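Below is one structure, written out as structure tokens; the observations come after it.
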Protein chains: 2
Amino acid sequence: MTREERREALVAAALVVVEREGLGGASARAIVAEAGMPLGALHYAFASLDHLLAATLDAVTDQERLAAEAPISAGVDAGLEATLAAGLDAYVSLLVARPARELAYLELMLHASRDRLDLPPAPGRYERSYGLVAALLEEAAAATGCTWTTPPPVLARHTVAMLDGITTTWLADHDDQAAHASARFLAASLAARSLKED
Amino acid sequence: MTREERREALVAAALVVVEREGLGGASARAIVAEAGMPLGALHYAFASLDHLLAATLDAVTDQERLAAEAPISAGVDAGLEATLAAGLDAYVSLLVARPARELAYLELMLHASRDRLDLPPAPGRYERSYGLVAALLEEAAAATGCTWTTPPPVLARHTVAMLDGITTTWLADHDDQAAHASARFLAASLAARSLKED
DNA sequence: GCACCAGTTGGACGAACGTCCAAGTAGGTG
DNA sequence: CACCTACTTGGACGTTCGTCCAACTGGTGC
């Protein structure tokens with residue numbers, strides 16, 4: 001097993017542990033046990049536990065929880081707002097069905113953000129999310145014959161923010177209906193920044 | 001010193017520690033040291049460390065980080081959207097100036113939410129935030145001669161969600177301008193749910 | 001077949017953790 | 001003054017933590 005394979009396996013195991021037991025339970029021993037590795041393997045693949053957790057955050061950011069939005073399957077007949085609402089609703093449904101994963105993501109993200117509170121911005125980290133969502137927004141507009149009056153990258157950041165907020169809020173109150181309502185509010189607010197082409 | 005005073009002092013100390021060192025650094029010893037108390041005082045006032053952290057979350061929810069929105073000082077001449085934007089921008093400015101406090105709040109909230117992942121909703125916890133924001137929305141509408149076309153409590157939850165998301169997103173990318181842009185996006189989206197009275 | 005080396009392992013180590021409790025203290029009562 | 005109650009304390013306990021390292025493994029080159 002190469003070192004890179006070992007790193008990937010540890011990252012996958014770390015994500016499972018954080019999802020199941022929370023960041024507080026993500027100890028070196030718990031993670032290597034999940035990966036079926038001896039304890040020493042961690043410091044052979046990573047300099048420290050914190051390095052592993054940072055790599056785990058990068059991995060989960062990459063594989064993109066927002067990929068759930070991907071199915072922009074509705075066509076021209078549905079309209080832009082309905083198309084957006086369907087995608088955003090899909091994310092909420094995923095959140096309700098598997099909240100531990102979103103919780104794990106947020107825990108990892110907040111943990112990493114503490115180390116850089118006084119540091120300059122690190123644009124690279126969320127850039128990929130914004131780009132992916134921006135592409136989805138453009139795709140949805142194209143599929144419904146609309147154009148954006150605000151640049152998609154700007155709208156993408158608003159979208160990511162609102163989805164994060166929908167997540168934390170649902171985690172606090174477990175109100176499924178309200179979360180879906182917030183998703184539709186976002187869909188309508190985004191659609192207000194578009195024009196129907198003729 | 002009564003037990004209640006002791007509890008309050010410990011809660012205040014816990015918040016300071018979480019803000020300074022993060023949830024991971026909020027150990028029993030660190031908190032009692034911050035409070036200037038002996039170690040045993042914690043289990044005299046609280047059943048466990050987790051009970052103290054839960055009480056800390058309740059306290060910070062109560063004292064309401066959203067109180068920063070309070071200054072709805074703009075008048076009729078400014079219009080509803082501008083009034084909302086001013087209040088929301090004030091929150092973003094507070095976030096940028098003192099991110100550790102918002103980070104502490106989110107860490108405490110996520111920590112508490114993990115224990116109730118499989119539990120039924122706990123409406124009480126965020127209810128107060130929603131109510132407070134709803135009152136602010138009504139106040140802003142009244143001050144600018146507008147009426148809401150969507151019930152303020154519903155809009156309030158969307159607002160709290162978006163503010164949470166603006167917070168997590170800024171913590172990830174430290175993009176001040178983008179955070180303010182999201183605040184203005186929210187202000188415009190809310191204002192779209194209002195009518196100017198005549 | 002022997003030496004060697006990169007890779008791998010599990011136990012050892014000191015520190016820090018949450019919790020508990022026996023001893024100590026202060027203040028009011030007989 | 002003696003006593004008792006209620007409160008307060010700091011140390012002790014067993015566990016778990018992250019990290020490190022000496023021993024072990026299987027391979028390859030001589």
Side-chain angles (χ1 to χ4, degrees), chain A residues 1-59 104 107-116, chain B residues 1-59 104 107-116:
Chain A
M1 178 182 280
T2 76
R3 182 157 20 204
E4 194 52 39
E5 286 172 333
R6 206 174 273 277
R7 287 173 59 96
E8 287 173 13
L10 281 169
V11 162
L15 182 56
V16 169
V17 171
V18 174
E19 189 171 333
R20 189 203 314 132
E21 320 201 22
L23 192 57
S27 67
R29 284 167 179 82
I31 294 172
V32 296
E34 178 67 33
M37 291 181 193
L39 180 55
L42 194 154
H43 284 82
Y44 165 69
F46 290 95
S48 73
L49 176 61
D50 251 349
H51 281 74
L52 168 56
L53 292 179
T56 304
L57 172 60
D58 285 339
E107 283 182 318
L108 286 168
M109 203 273 285
L110 292 186
H111 176 72
S113 78
R114 179 167 292 278
D115 300 332
R116 336 178 238 103
Chain B
M1 179 182 280
T2 75
R3 183 157 19 203
E4 194 52 39
E5 285 172 333
R6 207 174 271 277
R7 287 173 59 96
E8 287 173 13
L10 281 169
V11 162
L15 183 55
V16 169
V17 172
V18 174
E19 189 171 333
R20 188 204 314 131
E21 319 203 23
L23 191 58
S27 68
R29 284 169 178 80
I31 294 172
V32 296
E34 178 67 34
M37 292 182 192
L39 181 56
L42 194 155
H43 285 82
Y44 165 69
F46 289 95
S48 73
L49 175 61
D50 251 349
H51 282 74
L52 167 56
L53 293 179
T56 305
L57 172 60
D58 286 339
E107 283 182 319
L108 286 168
M109 203 273 284
L110 292 186
H111 177 72
S113 78
R114 180 166 290 279
D115 300 334
R116 334 179 239 103

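Each chain gets a letter, A, B and so on, in the order the sequences are listed, and its residues count up from 1. These figures come from a predicted structure and were not determined experimentally.
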In Å, rounded to the nearest 0.5 Å, how long is the span from CE of A:Met37 to CZ of A:Arg6? 5.0 Å
By the side-chain hydrogen bond (donor to acceptor under 3.5 Å, both in side chains) test, which pairs, at least two apart or in different chains, include something from residues 13-31 of chain A? A:Glu19-A:Arg98, A:Glu19-A:Arg101, A:Arg20-A:Glu34
Opening and closing nucleotides of DNA chain C in contact with chain B, under 4.0 Å to non-hydrogen atoms: C:dC17 to C:dT19
What's the shortest heavy-atom distance between A:Val18 and A:Ala26, and which atoms? CG2-CB, 3.7 Å
Working to the nearest 0.5 angstrom, can you tell me the gap between A:Leu39 CG and A:Ile31 CD1? 11.0 Å
Who is the Watson-Crick or G-U wobble partner of D:dG27, with both distances under 3.5 Å? none
side-chain N/O B:Arg6 vs D:dT8 OP1/OP2, d < 4.0 Å: yes
Expected label for D:dG18 (glycosidic angle, syn inside 90° of 0, else anti) would be anti
To check you understand the geometry: which heavy-atom pair defines the closest contact between A:Ala9 and A:Ala35, and what is its length? O-CB, 4.3 Å
Which pair of non-hydrogen atoms, one from B:Val17 and one from B:Ala30, has the smallest distance, and what is that distance? CG2-O, 3.8 Å
Does anything in residues 32-51 of chain B reach DNA chain D, meaning a heavy atom under 4.0 Å, and if so which residues? B:Pro38, B:Leu39, B:Gly40, B:Tyr44
Counting C-beta onward and ignoring hydrogens, is there a side-chain heavy-atom pair between A:Leu23 and A:Leu110 closer than 4.5 Å? no
Given side chains that start at C-beta, do those of A:Val11 and A:Leu15 come closer than 4.5 Å, heavy atoms only? no
Inter- and intrachain pairs under side-chain hydrogen bond (donor to acceptor under 3.5 Å, both in side chains), touching residues 39-50 of chain B, at least two apart: B:Ser48-B:His51, B:Asp50-B:His111
dist B:Leu53:CG -> B:Leu57:CG (nearest 0.5 Å) comes out at 9.5 Å
What is the distance from CD1 of A:Ile31 to C1' of D:dT16, rounded to the nearest Å? 15 Å
Mind checking the CG-CD spacing from B:Leu10 to B:Glu5? Nearest 0.5 Å is all I need. 12.0 Å
Quick check on contacts: within residues 8-17 of chain A, what sits under 4.0 Å from DNA chain C by heavy-atom distance? none
Provide the Watson-Crick or G-U wobble partner of C:dC4, both distances under 3.5 Å; none if there is no partner. none
Just to be sure I understand the geometry, which residues of residues 18-25 of chain B put a non-hydrogen atom under 4.0 Å away from DNA chain D? none
